[in-house]
Colleague: 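Right, I'll just put the structure down here and ask away after.
As a basis for the values below, the full set of heavy atoms in this structure was taken, side chains included, without hydrogen atoms, waters or symmetry mates.
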Amino acid sequence: MSDESPNYSVQVLERTVLLMDILAQSSGPLSLKDLTARSKLNISTCHRILNDLVIAQFVEHLPGGRYQLGLRLLELGNLVKNRLNIQELAYPQMQELHRKTGETINLSIKQGNDIVYIERCWSGQSGVHVVRPIGGRAPLHLTAVGKLFLADLDAVELLEYVNKTGIPASTSKSVSEFERLKNELAAIHQQGFAIDNEELEEGVRCLAAAIFNEQGRVVAGISLSAPAQRIQYAWSQDLKRAAKDISRELGCFL
C-alpha cells in the first residue's frame with residue numbers, strides 16, 4: 001500500500017489514536033514493549049508513531065525508555081476549555097445586550113484566517129437576516145471581530161496574513177488595501193472597538209469589542225450586527241463594558 005494513499009493515512013491516524021488512548025488509560029508510563037503488546041502493533045510501527053508523537057509533544061519519552069502523554073495535550077485541552085467557558089460566561093452578557101438594543105449579538109473566535117461564530121442572541125425583530133449560522137466562518141479582515149484579532153498581531157504576523165489571503169473584497173466597501181487596513185487596526189487600539197461598515201454584507205454594519213484571556217491576548221470577540229441605517233455607535237460602549245466583564249471572569253485584569 002502506498003504511503004500516499006487515503007487508506008494508509010486513515011490507518012496511521014487510527015493507530016496513533018489507539019496508542020494515545022492506551023497511554024491515557026494507563027495509571028503510569030508505559031514501555032515500548034507494553035505499548036506493542038497492548039496495541040498488537042508491529043514494534044517498528046509502534047516505535048515510528050511514538051517518535052512522531054514525541055516530536056509533536058503529544059507524547060513524552062521518559063528516561064528508561066517509557067512513554068506518557070505530553071503537555072501539548074494539556075495546552076490544547078485548556079484552549080477547548082476556555083472556549084467553552086467563554087460561551088458560558090458570555091451568554092448572559094449577550095442576552096442583556098440584545099434586550100437593551102434589540103439587535104443581533106454574536107460571539108466569535110478565531111480559527112486559522114477566519115472567525116467562527118460560536119454563539120448568538122437574536123430575534124425576528126432584529127431585522128438582520130443571519131446568513132452565517134453558528135459554526136459559520138468569515139475572513140478576519142472583513143469582520144469587526146476579525147479586525148480585533150488582526151489588531152492583536154505584530155507587524156510580521158499581519159503581513160503574513162495579508163500575503164497569504166490577499167485580503168480580497170466582499171463588497172464595494174470592503175477594506176482590501178494593506179495601508180487602509182493598517183490604519184483601521186491602529187484606530188482599534190485607540191478607540192477600543194472595531195467596525196464592519198458593510199464590508200462583509202451590503203446593508204449590515206457591525207460593532208465589536210475584544211475578550212482577553214489572563215495573558216492579555218484576544219481570545220474572542222462580542223459583536224452587534226444591525227441594518228446600516230439603524231446602527232448606533234454609542235452601543236460600542238455597552239459592548240466594551242460587556243467584553244471587559246467577560247475578560248475579567250477569564251482572569252484578565254488589564
Colleague: What I'd like to find out is whether the side chain of Cys121 reaches to under 4.5 Å of the side chain of Gln95, using heavy atoms alone.
Modeller: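 Result yes, sub-4.5 Å side-chain heavy-atom pair found.
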Colleague: Can you tell me how far the CG atom of Leu207 sits from the CG atom of Asn197, to the nearest 0.5 Å?
Modeller: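 The distance works out to 10.0 Å.
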Colleague: Name all pairs fulfilling the salt bridge (Lys or Arg N to Asp or Glu O under 4.0 Å) condition that reach into residues 136-148, sequence neighbours left out, sorted by first residue then second.
Modeller: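 Listed by first then second residue: Asp114-Arg137, Lys147-Glu184, Lys147-Glu199.
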Colleague: Does anything in residues 23-40 pair up under salt bridge (Lys or Arg N to Asp or Glu O under 4.0 Å), and if so which pairs, sequence neighbours excluded?
Modeller: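 Not a single pair qualifies under salt bridge (Lys or Arg N to Asp or Glu O under 4.0 Å).
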Colleague: Report the residues that fulfil side chain to side chain donor-acceptor pair (under 3.5 Å) with Gln232, sequence neighbours left out, ordered by chain and then residue number.
Modeller: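 Checked Gln232 against side chain to side chain donor-acceptor pair (under 3.5 Å); zero matches.
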Colleague: Side chain to side chain donor-acceptor pair (under 3.5 Å), that's the test. Do Ser108 and Asn106 meet it? Break it down for me.
Modeller: CA-CA 6 Å; Ser108 310; Asn106 305 290; over 6 Å; no
Colleague: Under a single-linkage definition using a 4.5 Å side-chain heavy-atom cutoff for Ile, Leu, Val, Met, Phe, Trp and Tyr, are Leu62 and Val59 assigned to the same hydrophobic cluster?
Modeller: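 Hydrophobic grouping puts Leu62 apart from Val59.
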Colleague: Report the residues that fulfil salt bridge (charged side-chain N to carboxylate O under 4.0 Å, His left out) with Arg241, sequence neighbours left out, ordered by chain and then residue number.
Modeller: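 Arg241 satisfies salt bridge (charged side-chain N to carboxylate O under 4.0 Å, His left out) with Asp238 only.
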Colleague: Looking only at heavy atoms, which two atoms of Ser225 and Glu103 are closest? And how far apart?
Modeller: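 For Ser225 and Glu103, the tightest heavy-atom pair comes out as O-CB, 3.6 Å.
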Colleague: Please find the pair of heavy atoms, one from Pro29 and one from Gln68, that lie closest to each other, and give the distance.
Modeller: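 Nearest heavy atoms, Pro29 then Gln68: CG-OE1, 3.7 Å.
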Colleague: Does any part of the side chain of Gln57, heavy atoms only, come nearer than 4.5 Å to the side chain of Leu73, both counted from C-beta?
Modeller: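 With C-beta onward as the side chain, the pair stays apart.
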Colleague: Report whether Ile134 and Ile86 are members of the same hydrophobic cluster (ILVMFWY, side-chain heavy atoms less than 4.5 Å apart, transitive linking).
Modeller: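 Result: no, two separate clusters.
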Colleague: Taking all non-hydrogen atoms of both residues, which atom of Val116 and which atom of Gln111 are closest, and how far apart?
Modeller: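 Shortest heavy-atom separation between Val116 and Gln111 comes out as CG2-CB, 3.7 Å.
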Colleague: Please walk me through it: do Leu224 and Ile231 pass side-chain contact (heavy atoms from CB on, under 4.5 Å)?
Modeller: CA-CA 9 Å; Leu224 180 152; Ile231 200 79; 3.8 Å; yes
Colleague: Are the side chain of Lys240 and the backbone of Gln191 linked by a donor-acceptor contact shorter than 3.5 Å?
Modeller: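 Indeed, once roles are kept as given, a pair shorter than 3.5 Å links the two residues.
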Colleague: If every non-hydrogen atom of Ile109 is compared with every non-hydrogen atom of Ile118, which pair is closest and at what distance?
Modeller: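 The pair with the smallest heavy-atom distance is CG2-CD1, 3.7 Å.
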Colleague: Can you list the steps and then say if Cys252 with Asn213 is a side-chain contact (heavy atoms from CB on, under 4.5 Å)?
Modeller: CA-CA 5 Å; Cys252 179; Asn213 64 11; over 6 Å; no
Colleague: Which residues pass the side chain to side chain donor-acceptor pair (under 3.5 Å) test with Lys182, not counting sequence neighbours?
Modeller: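 For Lys182 the side chain to side chain donor-acceptor pair (under 3.5 Å) partners, ignoring immediate neighbours, are Glu179.
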Colleague: Under the ring pair (Phe, Tyr, Trp, His ring centres under 6.0 Å) rule, collect the residues that match up with Tyr67, sequence neighbours excluded.
Modeller: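 Per chain and number, Tyr67 pairs via ring pair (Phe, Tyr, Trp, His ring centres under 6.0 Å) with His61.
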Colleague: For Glu157, which residues count as a salt bridge (charged side-chain N to carboxylate O under 4.0 Å, His left out) partner, sequence neighbours excluded?
Modeller: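 Not a single residue meets the salt bridge (charged side-chain N to carboxylate O under 4.0 Å, His left out) criterion with Glu157.
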Colleague: Could you check if a side-chain atom of Leu107 sits within less than 4.5 angstrom of a side-chain atom of Met94, using non-hydrogen atoms only?
Modeller: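 Answer yes - side chains close enough.
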Colleague: Could you check Leu50, Ile49, Asn42 and say which one makes a side chain to side chain contact (heavy atoms under 4.5 Å, CB included) with Cys46?
Modeller: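 Going through the options one by one, the only one that passes is Leu50.
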Colleague: To the nearest 0.5 Å, what is the distance between CG on Leu23 and CG on Leu35?
Modeller: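 Here the interatomic distance stands at 5.0 Å.
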Colleague: Would you compute the distance between atom OG1 of Thr101 and atom CD of Glu96 and round it to the nearest 0.5 angstrom?
Modeller: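 With rounding to 0.5 Å, OG1 (Thr101) is 9.5 Å from CD (Glu96).
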Colleague: Please find the pair of heavy atoms, one from Leu239 and one from Ile222, that lie closest to each other, and give the distance.
Modeller: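 The pair with the smallest heavy-atom distance is CD2-O, 3.8 Å.
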Colleague: Restricting to pairs with a member in residues 18-27, which pass side chain to side chain donor-acceptor pair (under 3.5 Å), not counting sequence neighbours?
Modeller: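 Qualifying pairs: none.
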Colleague: Considering residues at least two apart in sequence or located in another chain, which fulfil the salt bridge (charged side-chain N to carboxylate O under 4.0 Å, His left out) criterion with Glu198?
Modeller: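 Listed in chain order: Lys173, Arg205.
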Colleague: Would you call Leu250 and Ile211 a side-chain contact if the rule is heavy atoms closer than 4.5 Å?
Modeller: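 In contact.
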Colleague: Does a side-chain heavy-atom distance below 4.5 Å link Arg15 with Leu41?
Modeller: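 Sidechains of Leu41 and Arg15: in contact.
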Colleague: Sequence neighbours left out, what pairs pass salt bridge (Lys or Arg N to Asp or Glu O under 4.0 Å) with at least one residue falling in residues 51-67?
Modeller: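 Applying salt bridge (Lys or Arg N to Asp or Glu O under 4.0 Å) to every pair that reaches into residues 51-67, excluding sequence neighbours, yields nothing.
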Colleague: Check which hydrophobic residues are tied to Ile55 through side-chain heavy-atom contacts below 4.5 Å, counting indirect links as well, and list them.
Modeller: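 Joined to Ile55, directly or through intermediates: none.
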Colleague: Who else is in the cluster with Leu181 when I, L, V, M, F, W and Y are joined by side-chain contacts under 4.5 Å?
Modeller: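 The other cluster members (ILVMFWY side chains, heavy atoms under 4.5 Å, direct or chained) are Ile115, Tyr117, Leu140, Leu142, Val145, Leu148, Phe149, Leu150, Leu153, Leu158, Leu159, Tyr161, Val162, Ile167, Val175, Phe178, Leu185, Ile188, Leu200, Phe212, Val218.
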Colleague: Let me confirm one number: the OH-CZ distance from Tyr91 to Arg120, rounded to the nearest 0.5 Å.
Modeller: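 Reported to 0.5 Å precision, the distance equals 11.0 Å.
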Colleague: Mind checking the NE2-CZ spacing from His141 to Arg180? Nearest 0.5 Å is all I need.
Modeller: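 Going from the NE2 atom of His141 to the CZ atom of Arg180 covers 11.0 Å.
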Colleague: Do side-chain atoms of Ser174 reach the backbone of Ser170 as a donor and acceptor pair under 3.5 angstrom?
Modeller: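 The answer is yes, because a donor-acceptor pair under 3.5 Å joins these two groups.
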Colleague: When you compare the side chain of Lys164 with that of Asn113, does any pair of heavy atoms fall below 4.5 Å?
Modeller: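 Yes, at least one pair of side-chain atoms sits under 4.5 Å.
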Colleague: Looking only at heavy atoms, which two atoms of Cys206 and Val204 are closest? And how far apart?
Modeller: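 For Cys206 versus Val204, the nearest heavy atoms are SG-CG1, 4.2 Å.
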Colleague: Can you measure from CD (Glu201) to OG1 (Thr171) and round to the nearest 0.5 angstrom?
Modeller: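 Between Glu201 CD and Thr171 OG1, I get 9.5 Å after rounding to 0.5 Å.
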Colleague: Go through it in stages, so that I can follow the logic: the residues are Leu53 and Thr16, the test is side-chain contact (heavy atoms from CB on, under 4.5 Å), and I'd like the CA-CA distance, side-chain angles, deciding distance and then a yes or no.
Modeller: CA-CA 8 Å; Leu53 288 170; Thr16 300; 3.7 Å; yes
